[in-house]
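First the structure, in the form of structure tokens, and then the observations on it.
In what follows, residues are counted from 1 in the order of the sequence shown.
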Amino acid sequence: MRRTGALVLLSTLAHSSLVAPESLPRGVGPEFAKFYETKPTFPCIGNPSIVLAPSQINDNSCDCPDGSDEPGTAACAHLDALSPEQPLPGSLTGTTNTTSALPGFWCANDGHVGSYIPFMYVNDGVCDYDLCCDGSEEFAHVGGVACENRCGPIGKEYRRLEDERRQSKERSAKRRRTLVKEARELRRRVEAKVTNLKEELSGLEQKQVELQKKFEEVERSERGKVVRATEGGVGGKLGVLVGLAKTRVAELRDTLDKVLDQRDDLQDRVDQLEDILTKLREEYNPNFNDEGVKAAVKSWEDYAAGATAAGSKDAVADADVMEVLKEDSETSGINWAEFETEDGSSDADVVYNLEAYLPSFVRDYIHEKLNVVRVWMIENGILADNPKAGGESRLVTAAREALEAAKADSTSKTSTLQEQETDLRKDYGPDDIFRALKGKCVSSDVGEYEYELCWIDKTTQKSKKGHGNTNMGTFVRIDMEEADEEERTDGKGLGKGKRIVLRYDNGQGCWNGPNRRTDVWLACAETDELWRVSESEKCVYRMEIGTPAACEDVNEPRPATKDEL
């Protein structure tokens, strides 16, 4: 059984509504019935000036230039578009450069779907059941061929397959609708985030203005403090005194530490001398009449007796000295922190904070005016401006940090806002559907490699032998292209018509060649599935993928009705 798609002229007409009357000539389709109603004469459809007798219809002689007089024979098969041009008597050009008025021989195919077949198939001795399941095109039984009517089982199988395709299409459409809903929700979240970020940034801008103003006010106010300690103390005379005392105590502690070191050195020398004299006393000969030696021994005995008596008096213990040498802290020595804690006032502040002694109803007014005068005096060199060593006050530091934190927060949110707005402008295909697939991947084993597509991300070639992965391209845009392929029996093909094509460019460079790129062609399927991968040219790949995202939306499924056949 042969089936050449390029030769099929028309197919699948609605048999339930277009039924040709029995009186029509053989091979006439329902939509051409009006031309063959019983009349005294028959004008050629494309050339009505040529009038024939009804008996000339289907007489196996091509009398009309458009072949309309032979709807049920192969006499005018040479007019088929795919037939070679042949001389035609009466043609102005002398060739078959005319258009056939009929699409082909009509097979009613009761029990199945009526269709046209090329006239060249009529009475050619071959049963074309794939096009004419009722066998009516072989009515002459050429070569003894008799084609039985197989429309019953063929129609039943066709309806079964059509029902499966219909259900698959409905499932695919349902899945697509789900993806569209997901995409809409994802987009809504991004839009909500953009709105929230804009509101937050608006609030942060106002907050920055307020913090900037507060920082400047605090900084200006802090400059109005007249006297500050030069070494981390509080303001006024007490602060100066604390600083000097701290310095003096540190100097005395260092001096005491040096004295202790000297004492230890002298004590070592005294111990050495005592050892020498002790040995002299114990080892000298008393019978040796040497007055010098005797005097030395006598002096040592007196010294030793005096040292014993002195040892009984109170002596400074080393532990006490070490206690004094300890660094000052909260648990030992002097807790300088108690004196260095800044309370925001100084001796001079008491002089200038006169508003503290004023009635409350004028205090705020006087306070503001005095601060203005104080700052003016500092800026003009009348009062001292001695901020403490090491930088600004805690109030200024806190105000500065609050301002910087607000600025950092604003910068971070601005960056996030720009990213989200860019995402909203990005093309995610019809109904934003690929937004729902972003980040998901589909893969398939092809030969020694595993190929993977990650939606709106990249395509990858993975070696099964552990040689690493190769980037075949990064997503750049979505296009539409025309596909022109025969339908596959398994349904896993692009078919004919407009198809979505995802472009992935700037992949890993080929050896001695360009960077890899991939064109991903999409067709409708119930689930995401990578069907085929091919290399159309060096480092240019073509992927064919089935996905619900490429399906056309259809209405919700309706309750099934009884087949009229």
Between the side chains of R503 and D519, is the shortest nitrogen-to-carboxylate-oxygen separation below 4.0 Å, so that they form an ion pair?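 Yes, D519 and R503 are salt-bridged.
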
Euclidean distance, [Y] [atom2] relative to [X] [atom1], rounded to 0.5 Å:
X	Y	atom1	atom2	value
E535	R542	CD	CZ	14.0 Å
I45	L102	CD1	CG	5.0 Å
R517	M472	CZ	CE	11.5 Å
W106	C132	CH2	SG	10.0 Å

For the pair [X] (side chain) and [Y] (backbone), establish whether a donor and an acceptor sit closer than 3.5 Å, ignoring hydrogens and angles.
X	Y	result
Q461	T470	no
D134	N109	yes
S202	K198	no
E137	D128	yes

Using the side chain to side chain contact (heavy atoms under 4.5 Å, CB included) rule, take N123 and F139 through it: C-alpha gap first, then chi angles, then the decisive distance, then the call. CA-CA 7 Å; N123 288 326; F139 59 87; 3.0 Å; yes

Under the salt bridge (charged side-chain N to carboxylate O under 4.0 Å, His left out) criterion, do R171 and E164 qualify, and how do the steps go? CA-CA 10 Å; R171 289 192 296 269; E164 287 183 359; over 6 Å; no

Apply side chain to side chain contact (heavy atoms under 4.5 Å, CB included) to the pair Y451 and L530, showing each step before the final yes or no. CA-CA 8 Å; Y451 291 90; L530 200 165; 4.3 Å; yes

Quick one: salt bridge (charged side-chain N to carboxylate O under 4.0 Å, His left out) partners of [X], sequence neighbours excluded?
X	result
E148	R150
K492	E529
D427	none

Disulfide bond (SG atoms under 2.5 Å apart) contacts touching residues 404-485 (sequence neighbours left out):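 Every pair satisfying disulfide bond (SG atoms under 2.5 Å apart) with a residue in residues 404-485: C441-C454.
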
Residue pairs passing the disulfide bond (SG atoms under 2.5 Å apart) test where at least one lies in residues 143-181, sequence neighbours excluded: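 Only C127-C147, C133-C151 qualify under disulfide bond (SG atoms under 2.5 Å apart).
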
Which residues satisfy the side-chain hydrogen bond (donor to acceptor under 3.5 Å, both in side chains) test with [X], sequence neighbours excluded?
X	answer
E191	R187
T460	none
R184	none
R189	E185

Apply salt bridge (charged side-chain N to carboxylate O under 4.0 Å, His left out) to the pair R165 and E162, showing each step before the final yes or no. CA-CA 5 Å; R165 282 192 286 267; E162 280 296 300; 2.3 Å; yes

Listed by chain and number, what are the side-chain contact (heavy atoms from CB on, under 4.5 Å) partners of S61, not counting sequence neighbours?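 Once residues adjacent in sequence are excluded, the partners of S61 under the side-chain contact (heavy atoms from CB on, under 4.5 Å) criterion are D59, D63.
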
Under the salt bridge (Lys or Arg N to Asp or Glu O under 4.0 Å) rule, what pairs show up with a residue in residues 408-417, not counting sequence neighbours?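 Passing the test, one end in residues 408-417: E200-K413, D409-K413.
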
By the salt bridge (Lys or Arg N to Asp or Glu O under 4.0 Å) test, which pairs, at least two apart or in different chains, include something from residues 207-218?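 As it turns out, there is no salt bridge (Lys or Arg N to Asp or Glu O under 4.0 Å) pair with a partner in residues 207-218 once direct neighbours are skipped.
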
Counting the benzene-type ring for Trp, do Y116 and F105 have ring centres under 6.0 Å apart?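 Between Y116 and F105, the centre distance exceeds or equals 6.0 Å.
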
Regarding C64 and C76, I want to know if their SG-SG distance comes in below 2.5 Å, which is how I'm defining a disulfide.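 C64 does not pair with C76 as a disulfide (SG atoms not under 2.5 Å apart), so no.
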
Counting only heavy atoms not in K426 (residues, nucleotides, ligands), do more than 12 fall under 6.0 Å from its NZ?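 For K426, atom NZ is crowded (more than 12 foreign heavy atoms under 6.0 Å).
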
Under the ring-ring contact (aromatic ring centres under 6.0 Å, His included) test against Y504, which residue among F475, W455, Y541 passes?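 It is F475; the other options fail the test.
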
Please evaluate residues E552 and R176 with respect to the criterion side chain to side chain contact (heavy atoms under 4.5 Å, CB included), reporting the C-alpha separation (whole Å), side-chain torsions for both, the decisive distance (0.1 Å), and the verdict. CA-CA 8 Å; E552 295 181 359; R176 187 187 188 281; over 6 Å; no

